[in-house]
Amino acid sequence: MSTSDHTAAPGPASFTVTVADVPDAELEVEDLDPGQILSGSPVVTGKVLWESADGKQLRGIWQITPGVVTDTEASELFVVVSGRATIEVEGGPTLEVGPGSACVLREGDRTTWTVHETLRKAYHISL
């Protein structure tokens, strides 16, 4: 099972409910700015499962293959489904994440991700 959408009953509270098999969902290749890559040849894939009407909140699945990349974070909560990485937060902690790890990143955090094993996560981002 990958993903399926179900629309709730019509009315003022109408919305789409999505079910995803996070470990096995098919993901699409996403652009990764070559300037973010410090080492290796990481490939990023993902799938947005839900986006707010104003585009300021996203929920989905994201994956990155081994390598070292930099990023400037949005406000994000994610849970690692598979893989391992070390996330160094500039001026802050170094985080070791793996399957089952829940992590909160703050908007504007500058990070360096060292991905040891292909990492897949389910996320909620607030922009």
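Numbering of residues begins at 1 and proceeds along the displayed sequence. Atom set for the values below is all heavy atoms of this structure, side chains included, hydrogens, waters and symmetry mates excluded.
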Pair listing, salt bridge (Lys or Arg N to Asp or Glu O under 4.0 Å) test, anchored in residues 102-114, at least two apart: Arg106-Asp109
Contact list for residues 53-64, test salt bridge (Lys or Arg N to Asp or Glu O under 4.0 Å), sequence neighbours left out: none
ILVMFWY network linking Ile125 to Ile87, side-chain heavy atoms under 4.5 angstrom: yes
Verify same cluster id: Leu105, Tyr123 (apolar side-chain graph, 4.5 Å): yes
Can you give each donor-acceptor pair under 3.5 Å made by side-chain atoms of residues 65-82, sequence neighbours left out, with the distance rounded to 0.1 Å?
unit_1, atom_1, unit_2, atom_2, d
Thr65, OG1, Val43, N, 2.7
Glu73, OE2, Thr111, OG1, 2.6
Glu73, OE2, Trp113, NE1, 3.1
Glu76, OE2, Lys121, NZ, 2.9

Shortest non-hydrogen contact between [X] and [Y], atoms and distance:
| X | Y | result |
| --- | --- | --- |
| Ala25 | Ile61 | CB-CD1, 3.7 Å |
| Val44 | Trp62 | CG1-NE1, 3.1 Å |
| Val115 | Ala85 | CA-CB, 4.0 Å |

Leu32 and Glu30: CA distance, side-chain angles, deciding distance, side chain to side chain contact (heavy atoms under 4.5 Å, CB included) verdict: CA-CA 6 Å; Leu32 179 61; Glu30 296 181 358; over 6 Å; no
Inter- and intrachain pairs under ring pair (Phe, Tyr, Trp, His ring centres under 6.0 Å), touching residues 84-111, at least two apart: none
Contacts of type side-chain hydrogen bond (donor to acceptor under 3.5 Å, both in side chains), residue Gln57, not counting sequence neighbours: His124
Partners meeting side-chain hydrogen bond (donor to acceptor under 3.5 Å, both in side chains) with Arg120 (sequence neighbours left out): Gln63
Return a table of donor-acceptor pairs under 3.5 angstrom between the side chains of residues 91-103 and protein atoms on other chains or two or more places apart.
unit_1, atom_1, unit_2, atom_2, d
Glu96, OE1, Thr86, OG1, 2.8
Glu96, OE2, Thr86, OG1, 3.2
Ser101, OG, Gly98, N, 3.0
Ser101, OG, Gly98, O, 3.0

Between CG on residue Leu119 and OG1 on residue Thr114, distance to nearest 0.5 Å: 12.0 Å
CG on Asp24 to CD on Glu26, rounded to 0.5 Å: 10.0 Å
Set of side chain to side chain contact (heavy atoms under 4.5 Å, CB included) partners for Asp31, sequence neighbours left out: none
Residues clustered with Val29, ILVMFWY side-chain links under 4.5 angstrom: none
